[in-house]
Amino acid sequence: MNNIIKFFKSMKLAVILMILISIFTALGTFIPQYQVKEYYISHYGELFGNLIRLIQLDHYSNSIIFGLLMVLFFLNTFVCTYSRIQKVYPSLFSKKVNSNNIIYFNGSKDELFYKLKNNGYNIEEKNDFIFARRNILGKIGPDIIHIGILVTLISGLIIGLTTKTESFYLRIGDKFYPGGKEFILTDFKVYKYDDGSVKDWISVVSDGNNEYSIEVNKPLSINNGKLYQWSHKLSWDVKLYFEGADYTFEGKELSEFKVGDYSVRISRFIPDLKVIDGKVYNNSDEPNNPAILIEYYNLLGVLEAKQWVFEKMDYPTSPPNFKIKAKLLGYKKNEMTGLLYSSSKGDTIMFIGLILIAFGSMISIKRDFNKIYIIKEENKFKLIYFDKKYLNEFGGDSIV
């Protein structure tokens, strides 16, 4: 048991945990959170994309590794704080001073009291002794900071375990339900620098009674969560004509609909298709080589045919003798806002922890704690000091 306590009291353990937590948090900050698997593979490659998901850096704040590090850091801080309180506090609050730090004061009681008060001591006089103490808050300030850290760690675990997120990609006029409350996107504004890069984007939403503007770092509070301006992206509407079925589709990419006896699924619209090493990429957001993949499924859900449809070239259906063939007649670019709703429990506990840390830091500024046990001996006073370094604080004239 002693070895376990010694392990968790270790300052080396605290330093190692703080370094690991900092590294894990930094990586989680740089890596976009709560994206689909394909996002990480396309941006970081298959090896690192899968590694990010394996160690849960795609949702680090409520990952197993981060939770384990926080639990270990909590235990380390708790054991250190408890050990210090158990060791120091009995003598800290006792009105006895057991030490060999002794001086004698040759003067009257009024002179002694004046000097004690002038040096910040609070005095308590009994029949057989005088007790003086100062700045006890400064002595317990670090422990209040540690308790505040423990409270914030608990709240961090609660927040991590209870955090729920919902992401919405919306066009103007779309309805959505963050936290179960109905909103509609009434406007979306994108501001750009002269070089074309995005400077800011603002989503304007309405709950039917009021309109609210949501910007980066200016979220909207809804119920027990916040709605953030998270991202933005392009979406495309397409117009397709299906020869052999005499059917025209106009609508959003990534749609599914009926064409004759088939269920048709269309892929994301690719405005500038490139093929490298057999893999399809989008080279830009400009329609330089527009294309879209179409798949045909029978009533049993079996894929019977697929076709890449290009604006500028005729590409055969697979199989070539399939009776339906699509043509790309048009397309339209749309800006979409990305909003993220996040809710969690534990925010109030976090606030309490931060207040304790702030209060502990404030009262720790004055660290000159000392206490003196004073006994009257004939025509002088015997002063027994808790801390030796303050023995000469009254000046040499009064000390024998």
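Just so it is clear, the structure is predicted and the values come from calculations on it, not from any experiment.
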Quiz prompt | Residues Glu215 and Tyr228: side-chain donor-acceptor under 3.5 angstrom | solution = no
Quiz item: Is the closest side-chain donor-acceptor distance between Thr337 and Ser203 under 3.5 Å?
Solution: yes
Quiz item: Among all residues two or more places apart in sequence or in another chain, which pass the side chain to side chain contact (heavy atoms under 4.5 Å, CB included) test with Leu254?
Solution: Arg268
Quiz item: Mind checking what makes ring-ring contact (aromatic ring centres under 6.0 Å, His included) contact with Phe351, not counting sequence neighbours?
Solution: none
Quiz item: Is there a side-chain contact between Lys117 and Ile123 (heavy atoms, below 4.5 Å)?
Solution: yes
Exercise. Determine, using the 4.5 Å side-chain heavy-atom cutoff (strictly less than), whether Tyr247 and Tyr262 are members of one ILVMFWY cluster.
Key: yes
Exercise. For Ile172 and Thr186, run side chain to side chain contact (heavy atoms under 4.5 Å, CB included): C-alpha distance rounded to whole Å, both residues' side-chain angles, the deciding distance at 0.1 Å, then the answer.
Key: CA-CA 5 Å; Ile172 294 174; Thr186 58; 5.8 Å; no
Quiz item: Any idea which heavy atoms bring Ser344 and Ile159 closest together, and the distance?
Solution: OG-CG2, 3.7 Å
Practice problem: Would you please name every residue forming a side chain to side chain contact (heavy atoms under 4.5 Å, CB included) with Asn282, sequence neighbours left out? | Solution: Ile270, Pro271, Asp272, Asp285
Quiz prompt | Heavy-atom neighbours of Asp187 CG exceed 12 at 6.0 Å | solution = yes
Self-check item: Partners meeting ring-ring contact (aromatic ring centres under 6.0 Å, His included) with Tyr177 (sequence neighbours left out)
Solution: none
Practice problem: Could you tell me which residues satisfy ring-ring contact (aromatic ring centres under 6.0 Å, His included) with Phe386, sequence neighbours excluded, listed by chain and number? | Solution: Phe369
Quiz item: Quick one: is the NZ or CZ of Lys382 closer than 6.0 Å to the six-membered ring centre of Tyr104, and within 45° of its axis?
Solution: no
Quiz prompt | Residue list, side chain to side chain contact (heavy atoms under 4.5 Å, CB included) with Ser235, at least two apart or on another chain | solution = Arg171, Glu253, Asn334, Met336
Exercise. Rounded to the nearest 0.5 Å, what's the gap from CD1 on Ile375 to CD1 on Ile102? Could you check?
Key: 8.5 Å
Quiz item: Say you draw a straight line from CD1 of Ile103 to NZ of Lys388; how long is it, rounded to the nearest 0.5 Å?
Solution: 13.0 Å
Exercise. Would you please classify the geometry between the Tyr82 ring and the Phe78 ring as parallel, tilted or perpendicular, with 30° and 60° separating the classes?
Key: parallel
Exercise. In sequence, state the C-alpha distance, the side-chain angles, and the governing distance for Asn101 and Tyr390, and then conclude on side-chain hydrogen bond (donor to acceptor under 3.5 Å, both in side chains).
Key: CA-CA 9 Å; Asn101 307 322; Tyr390 297 115; over 6 Å; no
Quiz prompt | Min side-chain heavy-atom separation Ile145-Leu356 under 4.5 Å | solution = no
For a quick test of your reading: what N or O donor-acceptor pairs under 3.5 Å do the side chains of residues 318-330 make, sequence neighbours left out?
| residue | atom | partner | partner atom | Å |
| --- | --- | --- | --- | --- |
| Lys325 | NZ | Asp314 | OD1 | 2.8 |
| Lys325 | NZ | Asp314 | OD2 | 3.1 |
| Lys327 | NZ | Glu243 | OE2 | 2.8 |

Please list every donor-acceptor pair under 3.5 Å in which a side-chain atom of residues 64-77 meets a protein atom from a residue at least two apart or in another chain.
| residue | atom | partner | partner atom | Å |
| --- | --- | --- | --- | --- |
| Asn76 | ND2 | Phe8 | O | 2.6 |
| Asn76 | ND2 | Ser10 | O | 3.2 |
| Thr77 | OG1 | Phe73 | O | 2.9 |

Quiz item: For Lys95, what residues pass the salt bridge (Lys or Arg N to Asp or Glu O under 4.0 Å) criterion, not counting sequence neighbours?
Solution: Glu124
Self-check item: Row check, Phe381 ring normal vs Lys109 NZ/CZ: under 6.0 Å, within 45°
Solution: no
Exercise. Please list, chain by chain and in numerical order, all residues satisfying side chain to side chain donor-acceptor pair (under 3.5 Å) with Glu295, sequence neighbours excluded.
Key: Tyr297
Quiz prompt | Phe257, CZ atom: more than 12 neighbouring heavy atoms under 6.0 Å | solution = yes
Exercise. Apply side-chain hydrogen bond (donor to acceptor under 3.5 Å, both in side chains) to Lys164 and Ser343, showing your working.
Key: CA-CA 5 Å; Lys164 296 179 181 179; Ser343 63; over 6 Å; no
Quiz item: If every non-hydrogen atom of Ser231 is compared with every non-hydrogen atom of Trp201, which pair is closest and at what distance?
Solution: O-NE1, 3.4 Å
Exercise. For Lys333, enumerate each residue passing the side chain to side chain contact (heavy atoms under 4.5 Å, CB included) test, keeping only those at least two apart in sequence or located in another chain.
Key: Leu234, Trp236, Glu286
Quiz item: For Phe129, what residues pass the ring-ring contact (aromatic ring centres under 6.0 Å, His included) criterion, not counting sequence neighbours?
Solution: Tyr373
Quiz prompt | Spacing of Ile372 atom CD1 and Phe105 atom CZ [to the nearest 0.5 Å] | solution = 11.0 Å
Quiz prompt | Check against side-chain hydrogen bond (donor to acceptor under 3.5 Å, both in side chains), Asp387 and Asn370 | solution = CA-CA 6 Å; Asp387 196 328; Asn370 192 31; over 6 Å; no
